[in-house]
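Inspection log for the structure reproduced underneath, given as structure tokens.
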Protein chains: 2
Amino acid sequence: MTGGNRGRGRPDTGVREAILAATEAILAEAGVARLSTKEIARRASAAESSIFYHFTDRLGLLQAVVRLHLPLYRDVAEEVVRRAGQGSLRDNLALLLDGLDAYYRRITPILAAVQADGDLRARFAERGADGAVGPQRALLPIVDYLAEERRLGRVRADLDLEPAALVIVGTAYQRAVFRRLSGVDAPAADTARVVDTLLPALIAR
Amino acid sequence: MTGGNRGRGRPDTGVREAILAATEAILAEAGVARLSTKEIARRASAAESSIFYHFTDRLGLLQAVVRLHLPLYRDVAEEVVRRAGQGSLRDNLALLLDGLDAYYRRITPILAAVQADGDLRARFAERGADGAVGPQRALLPIVDYLAEERRLGRVRADLDLEPAALVIVGTAYQRAVFRRLSGVDAPAADTARVVDTLLPALIAR
DNA sequence: GTCTATAAGTTGATAGAC
DNA sequence: GTCTATCAACTTATAGAC
């Protein structure tokens, strides 16, 4: 056990965290293809066997990395939910798109790893079934936000929430993927244009 | 040389094609993580060394698989460009979304492989620079279609084409990724709802 | 909890016969 | 063009000392 350590038990020497950080770095730079326990150990300046001590096996490590990033999504999404009714719809949408974009830029390598490894995918499909991490869940906070704005009369009364959330998330994801594939590492510059294109689909006419 | 063989040169024994098909199958079922030359040879009922004879190395094989699927995108996209001005905008958009969805369902495992392998990603980043396959190019046919519809006055005169194309492609891609992650293999059922949500962003008010 | 050392298996790739 | 045989390097994982 590490992380929440406050003096009880063995002192936290940080190897576990170093391993997680090294894993994430390799995933982002080189991809799962080059993610070997030896390379992780080298970058974390730790023994290879420490990986197995902390995470049981390679897949356990990958799972831990994914788990580490799930709360971040809630942060991004719930930040916007809280803003429902405040500020302009345009500003909120820009905030949501940029927030999702930054989030996706960070987790795209990890998502790619999940998609690239059948075993890892299977482990998350199980979890998805019991409702904890199912991919469609990603839409829920956005749906909540839109529902609140609809209740307040700031978006069309007949807005179909799930498709609308899908369009927003899909647009943010696509921007992140495009930028990663083209090797650009700067934040997106065209948020305003995307927002202005999206808005007429949301507001009353 | 195989494929276009029409009697000249050595007879086409189909090993090359079998290797490509086996590669695609493994990618779809298990992901790059399990894509070994040995497994490919086994599934293709061919010798492992034949892979190296035809594709030089593992990366060359992956490149060949990607290349095999690029024309398919043009087919999907250009089908819709041809329909500009014909049928209803709603029908065309539904056709485009479903076409892109089917396309993405097929290439998602391949795209995942590219994202998961840094070397492969690098090879395509180079190509992208010289303009042949750059990811943003995926938007061009959709931009062309929207431009034609705009010229005909069937979409808003002030529609911002690139963001609009991004939204359409992103939505289609997101649906495909979601469905793959949740293990569902059927075509999308909610196209109509998505189209009706998207449409107000495109048409004149 | 972290290390060193090591085992057993798999990997991508080559040489050479047919 | 396709095969069999082979290799050195690397892979995940374990045992046991500290």
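Here the structure is a predicted model, which is why all the values come from computation and not from measurement. Reckoned from all heavy atoms, side chains included, excluding hydrogens, waters and symmetry mates.
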What is the distance, rounded to the nearest whole Å, between atom [atom1] of [X] and atom [atom2] of [N]?
X: B/L61; N: C/dG12; atom1: CG; atom2: C1'; result: 12 Å
X: B/Y53; N: C/dA15; atom1: OH; atom2: P; result: 16 Å
X: B/I51; N: C/dG12; atom1: CD1; atom2: C1'; result: 10 Å

Would you indicate which nucleotide in [options] comes nearest to any side-chain atom of [X]?
X: A/K38; options: D/dT14, D/dT11, C/dA13; value: D/dT11
X: A/E48; options: C/dA15, D/dA13, D/dT14; value: D/dA13
X: B/F52; options: C/dA13, D/dT12, C/dA15; value: C/dA13

query: Has A/S36 got a side-chain N or O lying under 4.0 Å from the OP1 or OP2 atom of D/dT11?
result: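 So the side chain of A/S36 is within the cut-off, an N or O lying under 4.0 Å from OP1 or OP2 of D/dT11.
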
message: Below the 4.0 Å mark, does C/dC3 have OP1 or OP2 next to a side-chain nitrogen or oxygen of A/S50?
response: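 Yes, such a contact exists.
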
field: Residues touching DNA chain D, which here means a heavy atom under 4.0 Å, drawn from residues 40-47 of chain B
entry: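 Hits under 4.0 Å, by residue number: B/S45, B/A46, B/A47.
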
task: Describe, in one word, how the ring planes of B/Y173 and A/Y173 are oriented to each other, choosing from parallel (under 30°), tilted (30 to 60°) and perpendicular (over 60°).
output: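 Ring orientation of B/Y173 relative to A/Y173: parallel.
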
query: Any donor-acceptor pair under 3.5 Å linking the side chain of A/R34 with the backbone of B/D119?
result: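 No; judged by distance alone, with no hydrogens or angles, the pair does not exist.
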
query: What about B/T37: does its side chain form a donor-acceptor pair under 3.5 Å with the base of C/dT11?
result: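 Checked by distance alone, the answer is no.
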
